[in-house]
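Everything below concerns the one structure shown next.
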2 protein chains.
Amino acid sequence: MKEKELADLADRFRGMLRLAVFVSRRLDGDLELSTTQVSILTMCGGDGLRMGVIAENLGVRVPSATEQVSRLERAGLLERRADPRDARAVVVRRTDAGDRAAADANRRRTARMVDVLETLEPAELEALRTALPVMDKINERLHTISNPKEHIE
Amino acid sequence: MKEKELADLADRFRGMLRLAVFVSRRLDGDLELSTTQVSILTMCGGDGLRMGVIAENLGVRVPSATEQVSRLERAGLLERRADPRDARAVVVRRTDAGDRAAADANRRRTARMVDVLETLEPAELEALRTALPVMDKINERLHTISNPKEHIE
DNA sequence: CTTCATAGTTAGGAAGCCTAAATGTTAGGG
DNA sequence: CCCTAACATTTAGGCTTCCTAACTATGAAG
């Protein structure tokens with residue numbers, strides 16, 4: 001029955017993934033920066049990152065990253081610079097306004113999340129804490145599988 | 001320090017939400033039905049559901065549900081019927097082909113997930129099992145907050 | 001100095017979600 | 001019975017985000 005149990009857990013986990021998307025929408029849906037945009041801003045602190053790295057961190061293709069970065073650049077929150085070591089590459093970095101926007105966005109989202117977490121029992125919080133690293137591991141394992149395609153018309 | 005700990009957990013939880021989106025893409029991205037479409041098919045068994053209920057289950061507005069259902073109807077996997085008790089409403093139900101497609105899609109996705117879960121330790125699986133219901137609770141709590149809007153140009 | 005690989009951008013298109021407005025139905029007062 | 005307000009859904013139009021393919025420019029290796 002080990003096998004059946006695992007399949008059962010897998011099903012419930014799949015349900016949780018859907019729920020996570022749902023929760024993300026509720027959490028970030030009405031704010032002026034999208035979840036992805038905040039992620040980009042957050043990762044582009046310090047010396048900045050190259051476009052390819054941003055794409056990889058986000059789990060999207062490079063052109064998708066280019067698009068988001070261009071938008072944030074237009075908004076004055078990021079800037080592109082030539083990479084001094086490789087003229088093909090760009091380094092994307094937060095501007096001062098970007099620093100403020102990132103801090104602000106993260107503060108607000110975290111505050112919302114805290115509001116929700118405050119309503120949970122200590123044991124439930126502990127359950128979350130324990131499960132978080134497992135999620136990372138699952139993500140790693142999936143890096144071995146698959147790539148997007150088309151859906152039904 | 002209780003407060004700070006909670007904020008910290010909130011941050012890590014936010015990271016996990018992003019990861020869940022990422023994992024969803026990896027898991028379902030190359031299949032012929034989208035995650036949403038499988039959800040709809042799965043929920044429309046038995047006597048079927050009304051459009052509004054489908055939308056609510058998905059966490060989207062009614063027109064978005066209409067669109068998905070129309071697509072699946074065109075593909076022959078769902079059918080619309082008039083609700084005998086309320087001529088304004090429709091009842092959406094799986095066809096026989098829909099039954100097969102739903103079973104098949106769920107089987108394949110679950111199998112993939114099982115492949116990943118098999119690589120985890122028993123304690124890690126237990127951590128997931130324990131955390132799943134907490135996620136549901138978080139979702140409930142969020143039902144009190146917010147609604148989508150526009151992002152930066 | 002060619003040739004091939006690499007980094008990024010541009011162009012075009014698909015999916016999925018939204019709001020606003022239109023259509024038809026039900027239900028409650030007068 | 002009739003009118004108005006609430007409701008269920010669809011249609012139309014638009015935005016975001018992602019993708020692939022093709023193009024530009026630079027780097028690296030023989």
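The figures here come from the full heavy-atom set of this structure, side chains too, leaving out hydrogens, waters and symmetry mates. Keep in mind the model is a prediction, meaning the values are calculated, not measured. In the text below, chain A, chain B and the rest are named by the order of the sequence lines, each starting its count at 1.
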>> Assuming nearest nucleotide by heavy-atom distance, tell me which of B/P63 and A/P63 is located more 5' along DNA chain D.
In response: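 Closest to the 5' end, via its nearest nucleotide, is B/P63.
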> Can you name the salt bridge (charged side-chain N to carboxylate O under 4.0 Å, His left out) partners of A/R93, sequence neighbours left out?
Replying inline: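 Listed in chain order: A/E79.
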>> Test of understanding: with salt bridge (charged side-chain N to carboxylate O under 4.0 Å, His left out), list the residues that count as partners of B/E118, not counting sequence neighbours.
In response: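 With sequence neighbours excluded, B/E118 shows a salt bridge (charged side-chain N to carboxylate O under 4.0 Å, His left out) to no residue whatsoever.
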Compare the minimum distances between each of [options] and the side chain of [X], then state the nucleotide with the smallest one.
{"X": "B/Q68", "options": "D/dA8, C/dG16, C/dT19", "answer": "C/dG16"}
{"X": "A/V60", "options": "D/dC18, D/dT17, C/dC17", "answer": "D/dC18"}
{"X": "B/R25", "options": "D/dC18, C/dG16, D/dT10", "answer": "D/dC18"}
{"X": "A/E67", "options": "D/dT10, D/dC19, C/dC18", "answer": "D/dC19"}

Round to a whole Å and report the spacing from [atom1] of [X] to [atom2] of [N].
{"X": "B/E56", "N": "C/dC17", "atom1": "CD", "atom2": "C1'", "value": "17 Å"}
{"X": "A/R71", "N": "C/dT10", "atom1": "CZ", "atom2": "P", "value": "14 Å"}
{"X": "B/L72", "N": "C/dG16", "atom1": "CG", "atom2": "C1'", "value": "13 Å"}
{"X": "A/R80", "N": "D/dA25", "atom1": "CZ", "atom2": "P", "value": "16 Å"}
{"X": "B/L58", "N": "D/dT9", "atom1": "CG", "atom2": "C1'", "value": "16 Å"}
{"X": "B/R61", "N": "D/dC15", "atom1": "CZ", "atom2": "P", "value": "18 Å"}
{"X": "A/E73", "N": "C/dG8", "atom1": "CD", "atom2": "C1'", "value": "13 Å"}
{"X": "A/F22", "N": "C/dC17", "atom1": "CZ", "atom2": "P", "value": "11 Å"}

> How would you list, by chain and number, every residue that makes a side-chain hydrogen bond (donor to acceptor under 3.5 Å, both in side chains) with B/S70, sequence neighbours excluded?
Replying inline: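 Result, side-chain hydrogen bond (donor to acceptor under 3.5 Å, both in side chains) vs B/S70: B/R80.
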> Per the side chain to side chain contact (heavy atoms under 4.5 Å, CB included) rule, which among B/D47, B/D83, B/L49 passes with B/V91?
Replying inline: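 Testing each of B/D47, B/D83, B/L49 against B/V91, the sole residue satisfying side chain to side chain contact (heavy atoms under 4.5 Å, CB included) is B/D83.
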> Do you know which of B/V21, B/V23, B/L19 makes side chain to side chain contact (heavy atoms under 4.5 Å, CB included) with A/L17?
Replying inline: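 Among B/V21, B/V23, B/L19, the one meeting side chain to side chain contact (heavy atoms under 4.5 Å, CB included) with A/L17 is B/V23.
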> Can a side chain N or O of A/T66 be found less than 4.0 Å away from OP1 or OP2 on C/dG8?
Replying inline: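 No, A/T66 has no side-chain N/O under 4.0 Å of OP1/OP2 on C/dG8.
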>> For a quick test of reading the model: is some side-chain N or O of B/S64 closer than 4.0 Å to OP1 or OP2 of C/dG16?
In response: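 Result: no.
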> Is A/V62 touching bases, backbone alone, or none of the nucleic acid, heavy atoms closer than 4.0 Å?
Replying inline: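 Result for A/V62 = base.
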> When we call it a touch if two heavy atoms are under 4.0 Å apart, what does B/T36 touch: a base, just sugar-phosphate, or nothing?
Replying inline: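 Sugar-phosphate contact only - B/T36 comes under 4.0 Å of backbone atoms but never of a base.
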> Which atom names give the shortest non-hydrogen contact between B/N57 and A/F22, and what distance separates them?
Replying inline: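 Here B/N57 and A/F22 meet closest at O-CE1, 4.1 Å.
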Could you give the side-chain donor-acceptor pairs of residues 94-101 of chain B under 3.5 Å, partners two or more places apart or in another chain?
| residue | atom | partner | partner atom | Å |
| --- | --- | --- | --- | --- |
| B/R94 | NE | B/D99 | OD1 | 2.7 |
| B/R94 | NH1 | B/L41 | O | 2.6 |
| B/R94 | NH1 | B/T42 | O | 3.3 |
| B/R94 | NH2 | B/D99 | OD1 | 3.4 |
| B/T95 | OG1 | B/G76 | O | 2.7 |
| B/T95 | OG1 | B/L77 | O | 3.3 |
| B/T95 | OG1 | B/A97 | N | 3.4 |
| B/T95 | OG1 | B/G98 | N | 3.0 |

Grab the N/O contacts between the protein and nucleotides 26-30 of chain D below 3.5 Å, and write none if there aren't any.
| residue | atom | partner | partner atom | Å |
| --- | --- | --- | --- | --- |
| D/dG27 | OP1 | A/A87 | N | 2.9 |

Expected list for residues 7-16 of chain A: side-chain donor-acceptor pairs under 3.5 angstrom, two or more places apart:
| residue | atom | partner | partner atom | Å |
| --- | --- | --- | --- | --- |
| A/D11 | OD1 | B/T110 | OG1 | 2.5 |
| A/R14 | NH2 | B/N106 | OD1 | 2.6 |

>> So, using side-chain contact (heavy atoms from CB on, under 4.5 Å) as the criterion, who are the partners of A/L58 when residues are at least two apart?
In response: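 Only A/T36, A/S39, A/I40, A/M43, A/I54, A/V60, B/R18 meet the side-chain contact (heavy atoms from CB on, under 4.5 Å) criterion with A/L58.
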> Residues in side-chain contact (heavy atoms from CB on, under 4.5 Å) with B/E67, at least two apart?
Replying inline: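 Expected list: B/R71.
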> Which parts of residues 43-55 of chain B get close to DNA chain D, meaning a heavy atom less than 4.0 angstrom away?
Replying inline: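 Listed by number, they are B/R50, B/M51, B/G52.
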